[in-house]
Amino acid sequence: MGRASLPLSCNAILEKRTLLLKRIAFISVHGCPMAVLGTRSAGGMNVYIRALAQGLGRQGFAVDIFTRCHGSDEPLVNPLDANTRVIHIDAGPEDAPKEDLFNYCPAFLQGVNAFAGSNGLHYELLHSHYWLSGWVGQALSQEWRVPHVATFHTLAEIKTRARVGEAEATSRSATERQVVGAVDRVIVSTGHERLALQQLYDAPEDKVRVVFGGVDLDLFHPGDQRAARDRLGLNGHQTILYVGRLDPIKGVDVLMHTLSQIETCRDVQLLVVGGNTDDAESRRLRTLTGQLGLAGKVEFLGSQPHETLPDYYQAADVCVVPSYYESFGLVALEAMACGTPVVASRVAGLQAIVKDNRSGYLVAWHCPDAYADRLEVLLSNDALRHSMGKQARQAAVDMSWDRTAQGVAAVYAELGVRPQKG
Ligand code: UDP
């Protein structure tokens with residue numbers, strides 16, 4: 001596979017600049033921070049990895065993010081900023097389905113090793129993201145004799161319990177268990193996930209640390225709703241927003257049924273940001289829209305660049321996150337940072353972000369009646385919506401990525417790895 005490499009001089013400058021910094025290797029087999037978000041499996045994990053790596057860079061680490069190559073014209077080394085870069089490793093076909101990726105992990109492991117060896121790089125610590133990377137990280141940490149920290153983002157044992165019909169690779173749960181047993185620390189986003197790790201994976205309590213995810217407060221901030229609507233060319237109807245991948249676990253069908261209940265009494269529209277027209281779930285949801293007589297009320301906008309999302313959050317009256325499982329739920333936090341109230345399912349991650357009756361509502365049942373009830377209350381009361389939006393923003397300002405990076409750096413420090421003092 002022919003790929004463009006950065007000019008040597010450019011690599012050399014970066015190398016020199018980060019020479020004095022402590023190096024961290026992020027392993028992210030399938031979550032490339034440069035992937036198009038909201039499609040296939042690219043979403044919150046990709047955003048998290050990029051933002052955390054850059055946050056750690058600001059703390060004084062140099063972070064290399066190793067991920068699978070997913071396009072033949074991608075450079076091998078891609079600087080994100082002065083201290084952070086993405087390294088694309090050839091391991092398996094570019095379009096290999098996620099279910100097959102475990103087969104390519106040995107090749108990925110070899111690729112990371114070869115890159116580190118040929119560039120004379122020593123990493124102080126490995127931080128793996130998702131179970132596939134946990135497997136790679138564990139093998140590398142034994143070889144390099146450095147500490148290994150794992151963040152799973154989602155766990156098979158919780159996912160399969162969350163929604164009937166969710167199937168996971170048989171090797172996933174067993175590998176997660178092995179990694180939990182072997183790593184030095186596991187970082188989770190919420191106390192709920194820590195409890196699940198202890199109960200379902202026998203994780204020792206002193207191995208697990210809770211560090212909240214974050215939001216880019218420079219990008220996601222409140223703004224004039226009418227101006228945002230004008231920029232997006234929206235009509236005057238009240239607007240419900242969904243943002244995210246289109247995957248059955250996201251519960252977007254519940255939102256469609258909800259809309260069919262409330263649209264009889266209100267002029268509302270639903271904007272769906274994320275997904276590809278050729279996704280199976282996207283096709284299913286479009287068909288459902290027709291069956292429910294909602295054509296003209298629902299707009300499928302496909303995946304949108306992350307930087308444009310503030311316009312959507314600012315334009316919306318309410319953002320709905322009806323997921324069956326969410327280990328954290330960045331979309332809820334981004335909406336809140338833009339001053340938009342959130343109606344979300346009462347599941348682990350979302351429960352930690354959205355405060356019921358303050359920054360929005362949590363809905364206990366995946367049932368359209370319950371969502372319709374909460375949306376009706378919000379959409380019919382401007383003052384309530386504005387006050388909840390204000391409280392949402394206030395809650396979000398405490399959750400910057402720098403704070404997340406500080407929390408993660410504290411976990412590294414427990415393992416004797418500290419940033420270089422400037
Ligand atoms: N996102 C995006 N463009 C889209 C759809 C989603 O940038 O078209 C981003 C969104 O802003 C959020 C992430 O993808 O940062 C989704 O994260 P979340 O934790 O809500 O869901 P996950 O993908 O982890 O299930």
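As the structure lists them, so they are numbered: ligands from 1, and atoms in each ligand from 1.
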If I apply the N/O under 3.5 Å rule, does Phe220 come out as touching ligand 1? no
Distance alone, cut at 3.5 Å: any donor-acceptor contact between the side chains of Ser359 and Gln391? no
Among all protein non-hydrogen atoms, which one is nearest to atom 7 (O) of ligand 1, and what is the separation to 0.1 Å? His306 ND1, 2.9 Å
What protein heavy atom is closest to atom 5 (C) of ligand 1, reported as residue, atom name and distance in Å? Gly38 CA, 3.5 Å
Examine ligand 1 and decide if any of its atoms is less than 4.0 Å from a heavy atom belonging to Glu326. yes
Taking it one step at a time, do Val363 and Val343 satisfy side-chain contact (heavy atoms from CB on, under 4.5 Å)? CA-CA 7 Å; Val363 178; Val343 173; 3.8 Å; yes
Residue and atom name of the nearest protein heavy atom (relative to atom 21 (O) of ligand 1), distance in Å to one decimal: Lys250 NZ, 3.0 Å
So for ligand 1, is Gly302 a polar contact partner (N or O within less than 3.5 Å, distance only)? no
Ring-face cation of Arg286 near Phe300 (centre distance under 6.0 Å, axis angle within 45°): yes
Kindly state whether the ring of Trp131 and the ring of Phe152 have centres lying under 6.0 angstrom apart. no
Quick one: which ligand 1 atoms are inside 4.0 Å of a heavy atom on Gly329? 19 (O), 20 (O)
Using atom types as modelled and distance alone, determine if a side-chain donor or acceptor of Asn381 lies under 3.5 Å from a backbone N or O of Leu384. yes
Ligand 1 atoms nearer than 4.0 angstrom to some heavy atom of Val273 are 8 (O)
So, are Arg229 and Asp317 salt-bridged, with charged N and O less than 4.0 Å apart? yes
Using a strict 4.0 Å cut-off to heavy atoms of Leu309, name the atoms of ligand 1 that fall inside it. 1 (N), 2 (C), 3 (N), 7 (O), 10 (C), 11 (O)
Aromatic rings His30 and Tyr130: how do their planes relate, parallel, tilted or perpendicular, breaks at 30° and 60°? tilted
For ligand 1, which part of Leu330 has a heavy atom less than 4.0 Å away: the side chain, the backbone, both, or neither? both
My understanding is that only residues two or more places apart in sequence, or in another chain, count here; which of them pass ring pair (Phe, Tyr, Trp, His ring centres under 6.0 Å) with His221? none
Quiz question: by atom type and distance under 3.5 Å, do the side chains of His192 and Gln351 form a donor-acceptor pair? no
For Gly274, the atoms of ligand 1 under 4.0 Å from one of its heavy atoms are 8 (O)
the protein heavy atom lying closest to atom 8 (O) of ligand 1 turns out to be Gln304 N, 2.8 Å
What protein heavy atom sits nearest atom 16 (C) of ligand 1, and how far away is it? Gly44 N, 3.3 Å
Atom indices of ligand 1 within 4.0 angstrom of Gly43 heavy atoms, with elements: 13 (C), 14 (O), 16 (C), 23 (O)
Using the side-chain contact (heavy atoms from CB on, under 4.5 Å) rule, take Val342 and Met336 through it: C-alpha gap first, then chi angles, then the decisive distance, then the call. CA-CA 7 Å; Val342 177; Met336 284 167 56; 3.8 Å; yes
If the condition is ring pair (Phe, Tyr, Trp, His ring centres under 6.0 Å), which residues does His153 pass it with, not counting sequence neighbours? Tyr48, His129
Enumerated ligand 1 atoms positioned under 4.0 Å from heavy atoms of Arg245: 22 (P), 23 (O), 25 (O)
Where is the nearest protein heavy atom to atom 15 (O) of ligand 1: which residue, which atom, and how far? Glu334 OE2, 2.5 Å
Between Val331 and ligand 1, is there a nitrogen or oxygen pair with a distance under 3.5 Å? yes
